[in-house]
Amino acid sequence: MNLDRRSLLKGIGGVLSLPLLESIGWAAAKPQVPTRFLVVGNPFGAHPEHFFPKDFGTDFTISPTLKSLAWLKDRMTVISHTDHGMVSGHGREVSFLSGVLPEEAQAFSEKNMSLDQVLARHVGNQVRFPSVGASLDSGIRMSWTANGVEKLPITDPQELYDHLFLNLTDQEKRQRREMLLRDGSILDTVGTQFSQILRRASARDRDQLDQFQTSVRELEQSLNDRQTWLDKDKPPFDLSQHFKDGVTIESRYDAIFDMIGYAFQTDLTRVASIEFPSELKYAELDGVNRSYHGCTHNGKQEDVTSELVAIESFQISRLAKCLRKLDSIQEPGTDGSMLDHTIVLFGSGMGYGGTHSNRNLPIMVAGGGFKHLGHVDVRDASGRNMPLCNLFVTLMQRFGVERDRFNTSTGSFDLPTA
Amino acid sequence: MRLGFIAVLGIFFASPSIHANPALMRQHCGQCHGMDEAEGDFKLGALGSIPDRDNLESWLNALDRVRAGDMPPEEDSTLTDADRRNLIAYLRQQLETFDRSEAASKPNHRPRRMNNREFARSVADVLLIEDVGTHLPVDNLIGDARHHGFDTHSATLGFSTFHLEQYIRSVRKIVDATLLSGDRPTAKRYEIAPERILAATTAQNIKRPERAGTAQGFDFLDPKQLAYFQDFEVVPASGWYRISVLTSALDRGLYDAEDTGIYDDDPIQLRIEMGDREFVYDLPDNEVTEIELKEWMAAGSRLKFQHPTDGLRLLGNGNFKFQNRITALYYKKYQPQRYEELTKTFAPASNGRKRGPDDWHNWVDYWQGPRPRLLGATVEGPYYESWPPKRHVALLGENPIIDNARDILEPIAQRAWRRPPRAGELDRILALVEDVHRTDGVVEALKEGIVSILVSPQFLLLNGENLTADERFASKFSYFIHGTIPTSELSEAVAAGEFASHELIVAKLRGLIYDGKAASFQKAFPYAWLELNDINFMAPDPAQFHHYHRKLVSEDMIGEVLHLFRHATEENISVPELLLADYSFVNADLAKVYGLENVPQDSRFRKFNFGDGRRGGLITTGAFLTSTADSLFTSPIHRAIYVMENFLGIHPSPPPGDVEIQEPDVRQAKSIKEILAAHRSDKNCMSCHQLIDPFGYAFENYGPDGSWRDVYTVQDTLLDAEEREPTAPKSRRARPKSSTIAIDASAEFLSGAAYQDIAGYRKLMATPANQNRIVRCFVTKLLTYANGVEPAATDFAEIDQILDISAAHQHRVVETIAAVIDSPLFREP
């Protein structure tokens with residue numbers, strides 16, 4: 001292990017102390033280099049003329065919305081003409097990471113489990129948090145469990161900080177342990193009772209009851225894991241620096257991205273999702289006066305459209321800032337930066353809010369050690385759009401999940417490893 | 001006529017009297033819905049000879065369309081009235097052959113997790129307390145998703161690890177504030193001087209000190225700021241508290257209502273908040289009153305005070321500081337001499353910038369807006385009528401011992417599970433109680449037992465099968481009307497047969513409505529049915545619709561709908577009248593949007609008779625018109641779909657995924673009708689849109705905020721950059737030019753029925769066929785609300801039964817709801 005990492009770590013927001021990798025500092029050292037996954041999503045897609053570059057190939061011209069990622073041009077792939085084949089309208093964006101709507105989830109063995117949760121399941125309890133989801137104020141229903149139930153993001157930076165980095169005092173730990181034990185015995189009781197009910201239940205009741213039973217089992221497991229991790233201190237992180245110049249949606253998102261970056265760096269988690277909800281007051285941003293949703297229905301009015309593009313560019317710029325930091329950190333024990341070992345996906349389950357279209361989703365992949373393709377048109381010979389699940393199969397394989405199908409996939413997307 | 005001839009190949013049906021009907025069907029429907037070019041997703045061949053499980057919906061749709069006269073379309077049809085009746089009779093007769101019991105699975109009545117509002121109410125009722133407590137114990141619950149407005153939708157109310165963990169956490173917090181062990185806390189008396197009352201900051205800048213009151217009193221300025229007592233910030237221990245507040249109301253009507261946004265006739269109010277519990281008082285003007293409260297408050301909760309108003313946000317960007325300019329306006333208008341004197345005293349800004357005399361900075365110290373004032377307060381507590389307190393004794397008894405654990409927990413479990421626990425069912429919980437008893441004592445042990453009861457599936461899952469018919473009915477009725485567990489009186493009444501018939505249920509419902517005990521239903525059901533939660537998903541443009549945003553008009557719009565619905569249940573009007581009445585309920589804020597005169601200038605809702613056909617009933621409420629419009633423009637299609645789905649029970653299929661939908665372009669000088677006409681010229685689009693669009697055009701006279709308009713205003717393309725004078729201040733920059741286009745709100749249905757405007761549209765909605773659709777749709781929504789799932793196509797005959805009963809009672813609301821409750825679709829497991 002490279003012991004001179006201190007100088008390389010200055011990149012991550014305001015934190016200068018040497019972070020210790022959880023898996024190295026506290027748990028057993030893991031020989032292999034982790035692959036991570038970061039997905040950033042929004043509910044309304046993107047204004048196509050501003051999001052998609054005008055030309056194709058590795059030498060494409062960066063588009064206005066993606067401008068803050070210009071430095072990453074060689075290590076990103078913007079994909080035109082991929083989607084889940086959904087009809088138009090709101091509400092279908094919740095299928096972004098699975099290609100499956102909640103109401104049709106019964107037809108799939110993993111329900112509408114989202115890509116991030118598939119990967120989190122693969123990581124399991126190797127790390128403290130199998131996955132972390134964050135947003136501001138409210139979420140966009142992007143993450144779904146194998147049970148077909150929404151996994152809600154943490155919607156406040158302070159709460160995210162407490163979740164990821166707050167260490168308990170010895171007394172708090174004792175209380176927490178006692179509470180975990182108590183909750184454990186309650187679950188034990190409820191679970192036993194429950195099997196009696198399940199025995200009597202008809203097929204009709206089974207669905208809801210199954211969800212309940214799985215919940216009891218998973219929560220028991222999670223309480224056990226938490227007991228194990230309880231004694232291990234979390235890495236330190238200084239949040240106060242982020243709000244020196246005021247609390248704005250910019251500083252709050254930067255804090256979220258930094259905490260996620262630092263959680264990657266210290267191996268607290270390997271799977272993270274960050275959402276940009278519709279309810280947020282983007283009017284705080286320069287050049288934005290209207291609501292996010294209001295801007296999507298701009299009726300092609302130029303001033304309103306430019307507000308929308310400002311919001312979309314803002315989303316990309318927060319991600320870009322985080323990626324730059326990840327790229328400035330050498331991945332310990334191997335070649336490349338942390339970004340080269342982090343698969344980054346930006347996108348939406350909606351194509352463009354202005355037309356309510358859910359075709360041609362705005363999709364961008366970066367990092368992850370791929371040999372990137374620039375801007376590609378992925379339609380097949382007969383002009384049909386590529387199922388987005390094909391890309392997800394490729395990302396899963398890169399992450400180490402050995403499978404060649406995912407929900408509506410018809411194959412995989414050819415994105416070679418660098 | 002261009003009707004194609006299709007040969008009738010044989011006689012399918014035994015009865016000779018109807019054998020001509022399939023021929024009628026082929027003759028009049030075949031050309032468009034034949035095998036090769038089936039329009040509107042409907043193929044005649046799919047009907048087969050009789051309805052079965054797979055084609056039932058097609059049969060029902062066919063009947064609905066033919067009955068409404070939409071099909072066959074008037075302009076291409078030679079169907080006589082007699083033949084139409086014949087065709088309807090045939091379709092009905094065939095449908096009657098369908099045997100519901102043959103439907104493989106009944107999708108009705110799926111069990112579901114109770115939603116958060118039901119959870120909070122139910123836990124409080126199981127524990128015999130007023131509410132879950134003042135310490136926000138259910139705030140950690142995960143928000144419920146809605147399905148087309150419904151918060152009772154089974155498949156949408158998922159259950160996960162996160163839910164379970166949060167339930168455990170919430171129940172613990174509630175139980176901890178109810179069952180108290182250890183030493184009796186001693187009461188303290190807190191004397192609160194006005195200087196020790198602070199306005200909690202809402203700004204992001206947390207460095208600014210919080211504003212305190214003066215010896216004179218604490219005045220409320222910014223309505224967003226909540227006040228609290230510095231010496232009583234957090235409730236130290238759970239128990240009873242006596243709170244006494246000296247307060248008065250100042251300067252009502254001094255400033256002009258147009259500037260403050262507060263009506264002169266509205267009393268100034270004071271709101272006292274403790275967690276989710278709140279009290280609102282009308283304060284008499286300039287007179288000191290004492291408000292006294294005796295409340296059970298949970299340890300850790302906070303006591304807060306607020307001036308509840310939707311005013312004081314009209315100027316600037318709405319932030320309170322800009323409202324200080326109202327003072328300048330007041331002096332200028334009413335005390336010009338004083339105004340002159342004052343403006344001479346104003347100093348320039350510290351950075352040397354010049355300020356105009358009316359700049360808000362200058363007037364901060366002279367504020368005399370309408371406001372409540374706190375002159376002082378005392379808080380005393382915690383005290384207890386006994387120790388342990390009554391609520392503790394009510395659950396556990398005076399001196400609980402571990403040997404009585406079963407007797408103590410049984411009634412609690414019976415309330416929670418809506419039935420007596422079965423033999424052996426409490427054993428595992430009792431084992432847990434004994435376990436905890438060994439280390440933590442009897443009260444802690446029983447608490448764990450109660451937590452187990454309240455996080456068990458028997459409590460959390462509704463509509464399960466593990467209840468007797470009476471228990472199930474009592475539970476279902478109680479959640480339907482009250483949103484909580486059944487009381488023992490209700491369960492006994494059900495067991496005694498007091499809900500056994502339609503008449504009995506009608507009587508019960510009337511009593512409950514009269515006694516104000518159906519409030520949960522009267523609010524939650526219209527919220528779900530009319531998708532009120534989504535009203536601001538696409539709010540009108542804030543730049544154009546200032547009043548809508550600054551006066552929080554969406555809340556008034558929701559108020560209108562809730563008043564209408566409450567009126568419908570209380571006065572027991574008919575379901576079609578609820579939709580099509582010529583009256584509604586408005587207050588001054590709504591009157592401004594609706595352009596009404598002679599409405600009293602205050603916030604109270606009053607019945608208003610319109611008499612012009614433009615408004616009245618649910619069909620023209622601002623809530624509907626706003627929630628279906630985009631922020632800058634309106635869409636007759638969105639409004640048509642809303643009317644079809646929520647009022648008429650027609651479910652048009654969404655456009656195919658690969659259809660190119662044109663982005664609305666407000667810059668083009670075309671009416672929506674011209675744009676849609678282009679869309680409809682595509683044959684694939686037309687077959688559905690000629691059915692859909694006529695349901696929406698009538699609403700073109702209503703803008704994005706629901707206000708009436710006679711023309712569209714179209715913004716022309718922005719002027720060239722040079723002409724825009726980028727250096728000039730915003731207000732003086734050239735505004736984009738606009739022009740107007742006439743509105744055409746007329747349309748013709750396929751049936752040939754046509755209307756000129758909304759008044760004509762109302763008449764068409766009132767035809768018997770449409771009234772039937774309206775009531776059927778209402779019934780369907782009630783069943784969805786009750787069962788957590790929409791009724792299946794196979795339930796059509798049962799729904800017909802409900803409609804017959806409803807029709808026998810002139811479709812009156814209460815009788816119709818009672819018919820739903822009495823139906824097997826509600827009663828059956």
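Naming: A, B, ... by sequence-line order, numbering from 1 per chain. Owing to the predicted nature of the structure, the values given are computational and were not obtained by experimental measurement.
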- Message: Tell me whether Arg169(B) at atom CZ has more than 12 heavy atoms from other residues, nucleotides or ligands lying less than 6.0 Å away.
- Response: no
- Shortest non-hydrogen contact from Lys151(A) to Ser131(A)? CE-OG, 3.4 Å
- Query: What pair of heavy atoms forms the shortest contact from Pro43(A) to Pro277(A), and how long is it?
  - Reply: CG-C, 4.4 Å
Atom group of [X] that falls short of 4.5 Å from chain B, counting heavy atoms:
X: Thr145(A); value: side chain
X: Tyr352(A); value: side chain
X: Asn358(A); value: neither

- Check whether Ile429(B) gets within reach of chain A through its side chain, its backbone, both or neither, counting any heavy atom under 4.5 Å. both
- Query: Is it the backbone or the side chain of Leu461(B) that comes under 4.5 Å from a heavy atom of chain A, or both, or neither?
  - Reply: side chain
- Does anything in residues 447-455 of chain B get under 4.5 Å of chain A by heavy atoms, and if so which residues? Glu448(B), Val451(B), Ser452(B), Val455(B)
- Task: Among the options Gln213(A), Arg92(A), Glu220(A), His90(A), pick out the one with the most heavy-atom pairs lying under 4.5 Å from chain B.
- Result: His90(A)
- Message: Does this structure show an ion pair linking Glu444(B) with Arg182(A), if we count only N-O contacts that are shorter than 4.0 Å?
- Response: yes
- Look at Asp144(B) together with Arg113(B) and state whether they make a salt bridge at an N to O cut-off of under 4.0 Å. yes
- Residue set satisfying salt bridge (Lys or Arg N to Asp or Glu O under 4.0 Å) with Arg217(A), at least two apart, ordered chain then number -> none
- Task: Kindly state whether the ring of His148(B) and the ring of His153(B) have centres lying under 6.0 angstrom apart.
- Result: no
